[in-house]
Amino acid sequence: MKRGDGDVVRGGGVVALLAARGARTHRRVWAAVFAALALGSLLLGTLGLAAGSAALGHARVERYAGADAVVAGTQSTSYTAKPWGSEARTVRAGLTERVRVPARALDVVRQVPGVRAVIADVAFPVTARTASTARALTGRPWEATRLSEGRPPTGAREIVVGEGVARAGDRLSIAYGTGSATDTHTYTVTGVSADARRTVHFSPAESRRLANRAGRAGELDAIGVLADGGVPDDVLRTRVRHALDAAHLRDVSAPHRAADDPAPLRVLTGDARGEAEFLAAAPARTPLLQVLASLASVVVLVGVLVVTSTVAQALRQRARELALLRAVGATPWQLRRAVGREVGRIAVLAAAVGAVGAVPAYLALRALLVGRGAVPEGLELPFPPWLAAAPLGTAGLMVLIAWLTALGCCARAARRRPAEALREEKPGSARQLTGCVLLGLGAASAGAGALQHGAAAAAAASASALTMVIGCALLGPWLARGAMRVLGAPMRRLGVGGRLAASACTANAARLGAAITPVVLVTAFVLVQLGGGATLGHEAAAQARDAGRADVAVSGPGVPYDAVERIRRLPGVAAATAVAHGTVVLPGKELGEPGLERLPVLGVTPRSLARTLDPAVREGSTDGLRPGTVAVGTDRARTLGVRPGDHVQLRFGDGAEARLRVVATYERALALGDFLFSYEELTRHMSAPPPVRVLAELSPGASPRSLSTAFPGARVERDPVPERVRAEDQALGDVLTAVAVTAIGGFTVIAVLSTLTLISVGRGPELRQLRLAGADRRRLRRMLLLESAATATAGLFLGTATAALPLMAFALSAAGRLPWLPPGQGALIVAVVVLTTTSATLLPALGALRGRYPVAAR
């Protein structure tokens, strides 16, 4: 560009001048882009910090803090299979039931050079009883503790208790043993331990005797290793590892494991020592990372849609300005660079603001996860100072998205000839074809999801919703025209304001389509995210209510392990069932890929089961439930291709593999789990006998008072809470689903506000001309209200229709029913959309509506 002979303005100077003036002149336009980018940077930075902290997470070291190394069993199971057209792959899943160490490993580790001492640690259940109460505790040997007051136990009837259990000098009645072999003795408290509140420490000889009574003969929970001074941890670990391998020692579950699932003993040092104590901590990291990755991908996709939509709308408002610059001689390179620099300035500042806010936002998210019980006990989520720099990477991603969007939106104006730059271009057939193809692909994905199960069905529903939302965004002008063919006639009957609104919407279909798109986005995504979980929860609750037939439930530490037999013999009791909750791991392939699926299950005593807990048996009979058999939910049986008489192969919570004969299939699997075991089968694979809960049906006219008197300290519930399985990571899923919905809702509300605000700002001259033509403020306000109503109605309808297909496919596949959403949540979605569209349409137009006469355009 030249000013005269020899006076050449450098291209970089022109670019800087255009960018600076554009940013100053269009501050209101860029405010919406700033808000979208700042929120995107904040959310991605928060999730990045959460993922980094989870990746660094480890189990807290408490009991074994004084040991240099800990020998423990392998708390995971592996499965090897060959995917389609690929080499064999191995996947692993954590185990939350204790995998124990053979006691003979003590002598092997004791002989290792550099080992000063070894400490055997074994846990067993006991119950502390008083005249009116009972308290479940864990018994351990005295060697594995530290004393805060009193003296260690030396005699067989002396104990050390955890803080809060009792005081030194007290006498406690302790019940121990399992099944019918339960004994009670009185022990004297000689000291108080600082280790745990729910622990009782016995003398070495007494702890070995009680462990044997609990079925722990020849087994240990772990071995603590104390090293000589100067022996590094890695050297100690290597020596102990070699000694165990040379002795061919494996954990006690090894004979029962699958052939492709080795079970060597582990030698843990450093932070890994906590894994031997808090068994649920290490397995929880994988689902936490998976959920965070899934949430981050959704936020990135929605963020890209919102940011690109906002930037595109901001540049569309300036289309005539850019065309004029092109017409007066600005080169394509200058135009692209000017817009890119202008957007870059806004994006860098917005992304930096979001990155700074990501640290307190992450701390708030972590506090929420811990407060809601979504993080298992003992899982440490460290936050080293260097991790605070992670949001800078996500901020750079948001800047890159905004910059590429700006270049893409500016490319069309930059490519056109100067003489044609002022001509307004209509959307082409390529865009229409692409939108139709995406809608077809979304429908196909929903159809595929209807044939899947579990996580695959949920992933297909999310992919279908995303694809169809993008298709609706591309087809916005055509969908807007279709909406106005339906809404135009009723609007025109509402007076002058209605006719003005209908005419404005019909004449500016592209503008209406741009306004509808973010409403479709928020409605579709929020409905899919909320509707899937709400449908499953609603159906599971209904099944649990239908399955519950018991009149009372007896539970608590005052109930002995053989309580179900004793309750059956009480007068007035017609039927009784003991219930235990557990977890199994199901190996298999999903979409050709090997996988290990963790499933919550129930163990029950089968006698008269339908009178207390009716699973709605479809084939076979649950009367045949005993060790070596299993009942399977109908959907899972259909997926596995089994019927009564067939066999299924799965792994219990301690890693033991079993081939079980199917005796029945049942309908109420959402409430009772996909597999139903005998109580004996499930509990023998658990670290400790679970808290006893017995469901009982009373004879007509009988009173539950006899149950209260038979078991002092027990809790007797009339009309008990329905029995229902819950996934181990359900609390995590509930919290992060709420976070995802809030994030998506915030994103799309900003998109709705920014898009409609930009449209309203650009309509200032149009509104002033209408004032000059004689339209008063009341009619214009009515016109704008009806336009916002048309936008909200069309967006809600299209968003609901977009979400309906994938949500229906998922609901029918997973729950066997139509989708369900709590009415309050549905009303909230509608209210947010209506309030957002109304405020974003009316507030920016107040300047044009103010005063008796229109304000002159500046």
Side-chain angles (χ1 to χ4, degrees), residues 28-29 31-36 38-40 43 302 305-306 309-310 313 469 472-473 476 480 483-484 487 490-491 494 497-498 501 504-505 511-531 534 738-763 767 777-803 821-850:
R28 294 180 65 184
V29 172
V33 177
F34 181 93
L39 179 60
L43 292 174
V302 175
L305 287 174
V306 171
S309 171
T310 307
Q313 185 62 33
V469 163
C472 287
M484 288 314 302
L487 299 175
M491 290 172 64
L494 298 177
C505 291
R511 186 176 68 192
L512 180 62
I516 288 174
T517 297
V519 180
V520 174
L521 178 68
V522 65
T523 305
F525 267 107
V526 172
L527 282 177
V528 169
Q529 291 290 334
L530 292 178
V739 171
V741 170
T742 304
I744 294 172
F747 248 137
T748 46
V749 164
I750 285 179
V752 173
L753 283 171
S754 60
T755 302
L756 291 174
T757 299
L758 291 171
I759 290 173
S760 298
V761 169
R763 295 181 65 189
L767 295 177
R777 287 176 295 174
R778 181 178 59 82
R779 288 172 177 171
L780 290 182
R781 277 197 297 267
R782 187 178 182 86
M783 177 192 77
L784 293 174
L785 282 173
L786 289 173
E787 287 185 16
S788 67
T791 302
T793 303
L796 287 169
F797 175 80
L798 291 173
T800 304
T802 301
L821 187 72
Q825 294 181 4
L828 181 61
I829 295 172
V830 174
V832 168
V833 168
V834 171
L835 290 175
T836 304
T837 54
T838 303
S839 58
T841 302
L842 282 179
L843 294 180
L846 291 179
L849 300 179
R850 192 177 293 120

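All residue numbers in this chain count up from 1 along the given sequence. The basis for the numbers below is simple: all heavy atoms, side chains too, and nothing from hydrogens, waters or symmetry mates.
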Nearest 0.5 Å please: distance from the [atom1] atom of [X] over to the [atom2] atom of [Y].
| X | Y | atom1 | atom2 | answer |
| --- | --- | --- | --- | --- |
| I829 | T800 | CD1 | OG1 | 8.0 Å |
| L796 | T837 | CG | OG1 | 8.0 Å |
| T802 | L527 | OG1 | CG | 10.0 Å |

Heavy atoms only: give me the nearest [X]-[Y] pair and the separation to one decimal.
| X | Y | answer |
| --- | --- | --- |
| A524 | A803 | O-CB, 3.7 Å |
| S788 | T838 | OG-OG1, 3.8 Å |
| G795 | T523 | O-OG1, 4.2 Å |

Open item on the list: I need the single residue from L828, V834, L835, V830 that forms a side chain to side chain contact (heavy atoms under 4.5 Å, CB included) with V832. Which is it?
Closed with: L828
Task: Sole candidate of V526, T793, V519 that passes side chain to side chain contact (heavy atoms under 4.5 Å, CB included) when paired with V833 - done: V519
